[in-house]
Amino acid sequence: MALSGFRDFYPDQCAARNAIFGTWRETARRYGFVEYDGPPLEPLELFTRKSGPEIVGQLYNFKDKGDREVALRPEMTPTLARMVTARHKDFKKPLKWFSIPQVYRYERPQKGRGREHYQFNCDIIGEASLEADVELIALLIDTLRGFGLTEKDFVIRLSDRQFWTDFMDAKAVPEDHRYAFIQAIDKSEREPREKTVEKLGPLADEVFAILADAGSAKSERLDTVETGLRHRGLQDYVKRDYTVVRGLAYYTGVVFEAFDRTGEFRAIAGGGRYDTLLKNLGDVDLPALGFGMGDMVLADLLNAKGLAPAGKTGNGIYLIIADDGYRPQAMRVLTRLRELGPVHYSFTPAKVGKQFQAADELGCCYAVLVDAKIGDDLVQVKNLKTREQLDTPMADIVSAFTKLDQSAPLAPVHPVNPV
RNA sequence: GCGGCCGUAGCUCAAUGGUAGAGCUCCAGUUUGUGGUACUGGCUGUUGCGGGUUCGAGUCCCGUCGGUCGCCCCA
């Protein structure tokens, strides 16, 4: 059995996972994002520098054989920051990069959360304009739409971290209370009101008024973002909600989280602007923003909506050897068929009926039968769905497939698990 | 780290404190070269593990390990 919190991917599950990856990649590329990757193992210090020593409790970390403190990456942003700051002069701004890393955390597994998952990361670096925020949120929306989800299924809750920073400035909240203040807002939905009131003190009434009526609080940034999304026809996918602050300390501007409308699942995705992070980590002053989306909550949601990508593996062509004496000639046919798509055949002599049954069970669309007629370079091609069959010279094999292809597309020529 | 629920065949589950079973899956057949159904046969268990109560424990009790859901946390 796999370690607690880790997953085995049997072929059907692997195909389903790869289908998710496929939609992620396709959508990112349509937005002009390019893919990058980094090492799964990093110096421990890379993560403590960004998040403080407390994070170690949630990491898979250890000493390697060279006595180096290392950790499996819990997130992609520090790696991205390192890669970008090291070579940022090699790249024209803004950078639009995405990645699908497997990330790890040492926590007790629960629904939608294991000790590893794949996280679709999209970041724009080197662009201060709010147009980038609009573009990134649009990409998030289109990604979810790419799975067949609609505005009835999910909503992006939009907020502005800077709004709260300005608010705390205006109310002269002392520096050492600000983290707790933000935390209290973050938890206000899940905690009893009295507890939040206690934490917020005299500002409680004002804060609750803002949370209850997002329209009462001014944010030009959110006005601009909402207008930009309206121009794209995406206004129904978002809702202003100042309770979203994101736990992370490093966000500086517009932040957002994607939730399913039923509230049954935890957040599907989250992100925002982190304009000062690259300067703090790498001493390169570049504005940046990004989001992350995990595969587990997404898969749970798609399952619940009946939108899970088909995990069926198989199909292709089954090569039937009518008599094992023709096996040598059949191998020549096999090589030719392999140019067209996935081909299966029996490794050992078997009755024709058995071979047809095997073809069936594998979900093959076509059978190609080799018998005595191979002496005249003829093979029998059969559509296993319609049961139609015909003899054809090997040279015309492709047109035979086409001829027998009634309604279904010529499945064998399409890859089964596109990645 | 804390709490609820659950551990019986590969899977889903039965079995009043009294000889551990079924369905599905898998494998092999149903006589000679055309498949999904049907039929026949076969494989698989230290009932998670360790103690205790009892004439007798899959069943009751204690512990432990594992799973799952939630809390904490969420970078």
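In what follows, chains carry the letters A, B, and so on, assigned in the order in which the sequence lines appear, proteins first and then strands, with residues in each chain numbered from 1.
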A/L319 CG to B/G35 C1', straight-line distance once rounded to whole Å: 16 Å

Interatomic distance where CD1 belongs to A/I182 and P belongs to B/C74 [whole Å]: 13 Å

Touch class at under 4.0 angstrom, heavy-atom based, for A/A322 against every strand present: base

Nucleotide B/C72, atom P - distance to CD of A/Q183 in whole Å: 12 Å

A/F163/A/Y242 aromatic ring centres below 6.0 Å: yes

Rounded P spacing from B/C69 to B/C13 in Å: 15 Å

RNA chain B contacts made by residues 284-303 of chain A, counting heavy atoms under 4.0 Å: none

B/G42 to B/U34 separation - C1' atoms, rounded to the nearest Å: 27 Å

Between B/U32 and B/U19 - P atom distance, rounded Å: 46 Å

Centroid-centroid under 6.0 Å between A/Y104 and A/Y60 rings: no

Proximal nucleotide (of B/G70, B/G35, B/U34) relative to the A/Q389 side chain: B/U34

A/L3 vs A/R190, nearer the 5' end of RNA chain B by closest nucleotide: A/L3

Rounded distance in Å - CD (A/Q110) to P (B/C5): 18 Å

B/C26 to B/C11 separation - C1' atoms, rounded to the nearest Å: 11 Å

Partners meeting ring-ring contact (aromatic ring centres under 6.0 Å, His included) with A/F347 (sequence neighbours left out): A/Y345

Stems formed with participation of RNA chain B [Watson-Crick or G-U wobble, under 3.5 Å, three or more pairs]: B:1-7 with B:65-71, B:10-13 with B:21-24, B:26-30 with B:38-42, B:48-52 with B:60-64

Polar pair under 3.5 Å, donor/acceptor by atom type, side chain A/R113, base B/C74: yes

Check: A/Q380 side chain, B/U34 base, donor-acceptor under 3.5 Å: yes

Aromatic centroids of A/F91 and A/W97 separated by under 6.0 Å: yes

Closest to the A/K351 side chain, choosing from B/U34, B/U30, B/C69: B/U30

Criterion side-chain contact (heavy atoms from CB on, under 4.5 Å) on A/V333 and A/M394, from CA distance to verdict: CA-CA 8 Å; A/V333 173; A/M394 270 310 290; 3.9 Å; yes

Touch class at under 4.0 angstrom, heavy-atom based, for A/L384 against every strand present: base

Atom pair distance, as rounded to whole Å: CD in A/E191 and P in B/C74: 12 Å

Minimum-distance nucleotide (side-chain atoms of A/F356 versus B/C74, B/C71, B/U34): B/U34

Near-ring test A/F9/A/F21, centroid separation under 6.0 angstrom: no

Integer-rounded Å distance: B/C72 C1' and A/I55 CD1: 16 Å

Geometric class of the A/F98/A/F120 ring pair [parallel <30°, tilted 30-60°, perpendicular >60°]: perpendicular

Nucleotide nearest A/K354 when distance is taken to its side chain, options B/C74, B/C72, B/G29: B/G29

Within residues 277-288 of chain A or reaching into it, pairs that qualify as salt bridge (Lys or Arg N to Asp or Glu O under 4.0 Å) - sequence neighbours excluded: none

Sugar-phosphate only, base, or nothing, as touched by A/E107 at under 4.0 Å among non-hydrogen atoms: base

Check: residues 286-297 of chain A side-chain donor-acceptor pairs under 3.5 Å, at least two apart:
from, atom 1, to, atom 2, distance (Å)
A/D295, OD1, A/R7, NH2, 3.4
A/D295, OD1, A/Y118, N, 2.9
A/D295, OD2, A/R7, NH1, 3.0
A/D295, OD2, A/R7, NH2, 3.2

Touch class at under 4.0 angstrom, heavy-atom based, for A/Q357 against every strand present: sugar-phosphate

Sugar-phosphate only, base, or nothing, as touched by A/D371 at under 4.0 Å among non-hydrogen atoms: base

Below 4.0 Å: OP1/OP2 of B/C73 and any side-chain N or O of A/K187: yes

Any N/O donor-acceptor pair, A/K382 side-chain to B/U34 base, under 3.5 Å: yes

Out of B/G33, B/C71, B/C74, whichever nucleotide has its closest atom nearest the side chain of A/L369: B/G33

Residue pair A/Q119 / A/N121, side-chain donor-acceptor N/O under 3.5 Å: yes

Residue pairs passing the salt bridge (Lys or Arg N to Asp or Glu O under 4.0 Å) test where at least one lies in residues 268-278 of chain A, sequence neighbours excluded: A/D133-A/R273, A/R273-A/D275

Nearest-Å distance for atom pair CG/P, residues A/D186 and B/C73: 10 Å

Rounded P spacing from B/G70 to B/U37 in Å: 39 Å

Span that lies between the C1' atom of B/G35 and that of B/A14, in whole angstrom: 36 Å

Length of the line joining A/F47:CZ and B/C73:P, which is rounded to integer Å: 23 Å

Gap separating the CD1 atom of A/I374 from the CG atom of A/D323, nearest 0.5 angstrom: 13.0 Å

B/C39 and B/G45, which share atom name C1', separated by this distance in whole Å: 28 Å

Residue met sooner reading RNA chain B from 5', once A/S4 and A/R266 are mapped to nucleotides: A/S4

Rounded distance in Å between the P positions of B/C61 and B/C6: 11 Å

